[in-house]
S.K.: 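Got a structure for you, written out below as structure tokens; questions coming shortly.
Position 1 is the first residue of the sequence; numbering continues from there. Scope of the values below: all heavy atoms of this structure, side chains included, with no hydrogens, waters or symmetry mates.
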Amino acid sequence: MDEDSASKSAGEDVQQPLAGNRRVIASMPVQEKKKPESVDELRAAMNEILSAPAPASPTKKERSQARQAKRAARADGEVELLGDDQWREKARGIVLRQLTASDKTAKQLKDKLLAQECPEDIADEVIERYAQINLVDDERFATTWVTARARSKGLARGAIKRELRTKGIDDETAAQALEQIDDESEEQRARELVRTKLRPESMGIDRDRSLRRLVGMLGRKGYNGGMAFRVAREEWDARFGQHD
């Protein structure tokens with residue numbers, strides 16, 4: 001048997017010349033491997049699989065190119081082609097990650113899902129499921145938000161209500177949560193804020209200028225003008241002395 005015949009019988013590829021110096025690879029059938037029958041043969045086959053080199057991981061450049069391609073597709077308005085079940089699974093993962101980071105309202109979660117091109121009906125379905133197991137609760141969110149913003153930022157009820165509205169909390173739910181703050185506690189918080197600002201001696205040099213700064217500060221935090229001016233005036237007088 002000559003060399004070419006031996007190559008063919010061994011199942012090797014045969015290269016045939018074509019016009020223009022191009023060559024084509026003609027694949028010949030390769031004899032199938034015998035199925036392992038004994039324990040030793042099975043062990044040998046497994047060792048062969050385990051010893052095979054693992055596929056190369058994508059390089060940093062390749063990963064970067066893939067991310068750029070994905071961003072470009074989104075910029076072109078291409079929608080990710082997923083089935084309903086795939087979207088549900090993806091939406092559940094997104095919602096869970098959002099809730100792990102911090103408590104969220106239903107609107108915040110829906111906005112996040114829609115930004116990821118999730119179908120609206122599936123977004124509503126997934127959020128409702130999380131609400132049923134008490135992981136999404138707008139009333140709880142509102143109550144916690146009011147307490148935190150009043151304590152940490154010194155915000156008045158008006159400012160907190162505006163924040164809640166932007167997060168999808170309806171006015172009725174917001175009103176119930178804001179009942180934690182009454183007029184007396186709101187004024188007390190305003191006085192604490194003013195006293196902190198009045199600590200520097202320089203605030204006693206120009207009363208009118210200091211009052212404008214204090215009233216402006218309270219106004220940005222949602223306190224009404226009348227109460228803000230009264231508190232600022234009384235606290236300035238208490239700190240630096242009465243002025244006619």
S.K.: Please round to the nearest 0.5 Å and tell me the distance separating atom OG1 of T105 and atom CD of E139.
M.R.: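 Rounded to the nearest 0.5 Å, the OG1-CD separation comes out at 13.0 Å.
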
S.K.: Got a donor-acceptor contact below 3.5 angstrom from the K112 side chain to the I94 backbone?
M.R.: no

S.K.: List the residues meeting side-chain contact (heavy atoms from CB on, under 4.5 Å) with Q180, not counting sequence neighbours, and say none if there are none.
M.R.: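 Result, side-chain contact (heavy atoms from CB on, under 4.5 Å) vs Q180: T143, V146, T147, A177.
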
S.K.: Would E163 and K153 pass as an ion pair if we require N to O under 4.0 Å?
M.R.: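 Looking at K153 together with E163, the answer is no, because their closest N to O distance does not fall below 4.0 Å.
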
S.K.: Between the main-chain N or O of T173 and the side-chain N or O of Q176, is there a donor-acceptor pair closer than 3.5 Å?
M.R.: no

S.K.: Report the C-alpha distance between Q108 and D111 in whole Å, list the side-chain angles of each, state the deciding distance to 0.1 Å, and finish with yes or no for side chain to side chain contact (heavy atoms under 4.5 Å, CB included).
M.R.: CA-CA 5 Å; Q108 288 176 297; D111 289 346; 5.8 Å; no

S.K.: Below 30° counts as parallel, above 60° as perpendicular, anything between as tilted: where do the rings of F141 and W145 land?
M.R.: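 Ring orientation, 0 to 90° scale: parallel.
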
S.K.: Are K107 and K167 close enough, and set up right, to give a side chain to side chain contact (heavy atoms under 4.5 Å, CB included), and what steps lead you there?
M.R.: CA-CA 6 Å; K107 178 181 183 300; K167 297 181 183 299; over 6 Å; no

S.K.: Looking at A106, is its backbone amide N or carbonyl O close enough to the side chain of D138 to form a donor-acceptor pair, meaning the two atoms are under 3.5 Å apart?
M.R.: yes

S.K.: Hey, are D170 and R165 close enough for a salt bridge, meaning a charged N less than 4.0 Å from a carboxylate O?
M.R.: no

S.K.: So D121 and E125, do their side chains get closer than 4.5 Å, heavy atoms only?
M.R.: no

S.K.: Show every donor-acceptor pair shorter than 3.5 Å between a side-chain atom in residues 208-220 and any protein atom, with sequence neighbours excluded, or say none if there are none.
M.R.:
unit_1: S210; atom_1: OG; unit_2: M203; atom_2: O; d: 2.6
unit_1: S210; atom_1: OG; unit_2: D206; atom_2: O; d: 3.0
unit_1: R220; atom_1: NH1; unit_2: G216; atom_2: O; d: 3.4

S.K.: Quick check: do L99 and L109 have side-chain heavy atoms less than 4.5 Å from each other?
M.R.: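 Counting from C-beta outward, L99 and L109 do come under 4.5 Å.
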
S.K.: Hey, what do you get for CZ (R129) to CZ (R92), rounding to the nearest 0.5 Å?
M.R.: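 Interatomic distance, R129 CZ to R92 CZ, rounded to 0.5 Å: 9.5 Å.
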
S.K.: Any donor-acceptor pair under 3.5 Å linking the side chain of T144 with the backbone of R140?
M.R.: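 Yes; at least one donor-acceptor contact below 3.5 Å.
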
S.K.: Salt bridge check, D183 against R157: does any charged N sit closer than 4.0 Å to a carboxylate O?
M.R.: yes

S.K.: Please assess R230 against R233 for the test side chain to side chain contact (heavy atoms under 4.5 Å, CB included), listing each intermediate value before the final yes or no.
M.R.: CA-CA 5 Å; R230 175 173 57 80; R233 184 184 66 247; 4.1 Å; yes

S.K.: Check whether any side-chain heavy atom of V231 sits under 4.5 Å from a side-chain heavy atom of E235, and report yes or no.
M.R.: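 Side-chain contact under 4.5 Å: yes.
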
S.K.: Considering only heavy atoms from C-beta outward, does the side chain of R189 approach that of Y223 to under 4.5 Å?
M.R.: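 With C-beta onward as the side chain, the pair touches.
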
S.K.: Check whether any side-chain heavy atom of K104 lies under 4.5 Å from a side-chain heavy atom of V136, and answer yes or no.
M.R.: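 Not in contact.
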
S.K.: Go through the structure and list residues passing side-chain contact (heavy atoms from CB on, under 4.5 Å) with A91, not counting sequence neighbours.
M.R.: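 Residues passing side-chain contact (heavy atoms from CB on, under 4.5 Å) with A91: L113, C118, V126.
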
S.K.: Do you reckon I205 sits in the same ILVMFWY cluster as L198, going by side-chain contacts under 4.5 Å, direct or chained?
M.R.: no

